[in-house]
Number of protein chains: 2
Amino acid sequence: MDTRERLIESTRELLWERGYVGTSPKAIQARSGAGQGSMYHHFRGKPDLALAAIRRSADELRAGVEAVFSGPGTVVERVTTYLRWERDLLRGCPVGRLTQDPEVMADPDLRRPVEEVFAWLTDRLAGLLAEGRADGELDARLDPLTTATALVSVLQGGYVLARAAASPDVYARAVDGALGLLAPAAPGKGNR
Amino acid sequence: MDTRERLIESTRELLWERGYVGTSPKAIQARSGAGQGSMYHHFRGKPDLALAAIRRSADELRAGVEAVFSGPGTVVERVTTYLRWERDLLRGCPVGRLTQDPEVMADPDLRRPVEEVFAWLTDRLAGLLAEGRADGELDARLDPLTTATALVSVLQGGYVLARAAASPDVYARAVDGALGLLAPAAPGKGNR
DNA sequence: GTCTATACGGTGATAGAC
DNA sequence: GTCTATCACCGTATAGAC
């Protein structure tokens, strides 16, 4: 991995752990093993480097979700896989985390990838739910868009509660509760 | 409002807007109108002042929720009021926000009020849902604890999505989706 | 209680040598 | 491409006068 790459990956980790406001160029240099001069050679400054890191995290999130949503299984199965698939629960969501950062939200360039990926995700999930509804798999009374928004929120909020409790179990409970609401009648569908 | 009080209130606002990592003593002094010496007279330092601010925010959250949950109305009505009651959507939750702050989570003293209030909230809501289930108002298959965890998550995650989209409507959609899942058959219950 | 002075390390860069 | 030097300001205090 070359220096530029190490800088981006180190920045991604630090943004995840500490946010933009809590991440200094010095910390990035220390973690990546790059010197001061190297960092400013490859990037114009902290915002420029953060933009590269944020874009990559957003792209990765999108690709991971798309792989699950376009995979095999019924709609409920795919949604279940998506909700249960998240790892690193106590570290939170690398993209959702950025919404709490005042400087990311204040900078249109840094903000855009965050905004776009959540808009895409909600829409993509709504499409999946609409499919399930058309198939008769889901209750016809469910509105795809609002239900999708609620499910993505459960995921993001589950991270918050898991961190508050310092326990991944809380995330699992949030997801179980959501799946119980989504498919109350589903017997033995892995709905623990 | 005396100086000590203004220091606490200013710190609460700044923790809300910028988190602990993003809030400097200097910014607190500027917002509160207190001088350097004043701040260190009333508090031992930034962590001490932050602790007072966090405790107060947690207490306020608890009191507000309790007022709604112990108020009049059916269980679904009270849950609906709670979920729709949140204001300042784009500012996020003053307590939930702190779960994203590495230094708050790393300090047991600062962390405790956050942990406790979410544990209390989830439990309190689970009790309310159990009541609704016993009354026959809610589906008997709903598990109170996991459902309560999911609902609190929708709220916290709704803030995240609303901030990502810079639009309170997204929060409203998340809540509508959750309420649609909770009481799918409820006709004309304000379930827009 | 509040003020000013002082301190030491960190932040976010720029300049120029190698 | 990477290194070291330098910089002006900020972060988080402590000390002591008023």
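Chain letters run A, B, ... following the sequence lines, proteins first and then strands; every chain starts at 1.
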Fill in: N or O in side chain of A:Lys26 less than 4.0 angstrom from C:dG10 OP1/OP2
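So the side-chain polar atoms of A:Lys26 do come within 4.0 Å of the phosphate oxygens OP1 or OP2 of C:dG10, strictly under.
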(Q) If the cut-off is 4.0 Å, is B:Thr3 near the phosphate of C:dT2, judged by side-chain N/O to OP1 or OP2? (A)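 For C:dT2, OP1/OP2 do have a side-chain N/O of B:Thr3 under 4.0 Å.
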message: Using the side-chain contact (heavy atoms from CB on, under 4.5 Å) definition, which of the options B:Asp101, B:Leu98, B:Ile54 pairs with B:Leu110?
response: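 Testing B:Leu110 for a side-chain contact (heavy atoms from CB on, under 4.5 Å) against B:Asp101, B:Leu98, B:Ile54 leaves exactly one candidate, B:Ile54.
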Next on the checklist: Run B:Arg112 and B:Asp109 through side chain to side chain contact (heavy atoms under 4.5 Å, CB included) and show every step you take.
Outcome noted: CA-CA 6 Å; B:Arg112 183 163 306 110; B:Asp109 292 336; 3.9 Å; yes
Does NZ or CZ of B:Arg97 come closer than 6.0 Å to the centre of the six-membered ring of B:Trp16, within 45° of the ring's axis?
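So B:Arg97 doesn't make the cation-pi contact.
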ILVMFWY clustering at 4.5 Å (side-chain atoms), partners of A:Ile8
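The other cluster members (ILVMFWY side chains, heavy atoms under 4.5 Å, direct or chained) are A:Leu7, A:Leu14, A:Ile28, A:Met39, A:Tyr40, A:Phe43, A:Leu49.
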- Can you say whether the rings of B:Tyr159 and B:Tyr171 are parallel (under 30°), tilted (30 to 60°) or perpendicular (over 60°)?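 Because their plane-to-plane angle lies in the 30° to 60° range, the rings of B:Tyr159 and B:Tyr171 count as tilted.
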Which residue lies toward the 5' end of DNA chain D, B:Ser24 or A:Arg4, if each is placed at its nearest nucleotide?
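The answer here is A:Arg4.
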Open item on the list: Could you check whether atom CZ of B:Arg55 has more than 12 heavy atoms from other residues, nucleotides or ligands sitting under 6.0 Å from it?
Closed with: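 Not buried by this count: 12 neighbours or fewer within 6.0 Å.
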Close residues, residues 28-52 of chain B, relative to DNA chain D [heavy-atom separation under 4.0 Å] |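 Result for residues 28-52 of chain B: B:Gln36, B:Tyr40, B:Lys46, B:Pro47, sorted by number.
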task: Whole angstrom is fine here: how far is it from CD in A:Glu5 over to P in D:dG1?
output: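 Value for this atom pair: 15 Å.
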(Q) Checking B:Arg12 against B:Glu9 for the salt bridge (Lys or Arg N to Asp or Glu O under 4.0 Å) test, could you report, in this order, the C-alpha distance in whole Å, the side-chain angles of both residues, the deciding distance, and whether it holds? (A) CA-CA 5 Å; B:Arg12 293 217 299 152; B:Glu9 288 301 315; 3.2 Å; yes
- Bend across the helix from C:dG1-D:dC18 to C:dC18-D:dG1, to 10°, with axes taken over 5 pairs at each end?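 For the helix from C:dG1-D:dC18 to C:dC18-D:dG1, the axes at opposite ends meet at about 0°.
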Within the structure provided, determine whether A:Val79 and A:Val76 are in side-chain contact (heavy-atom separation under 4.5 Å).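 Answer no - side chains too far apart.
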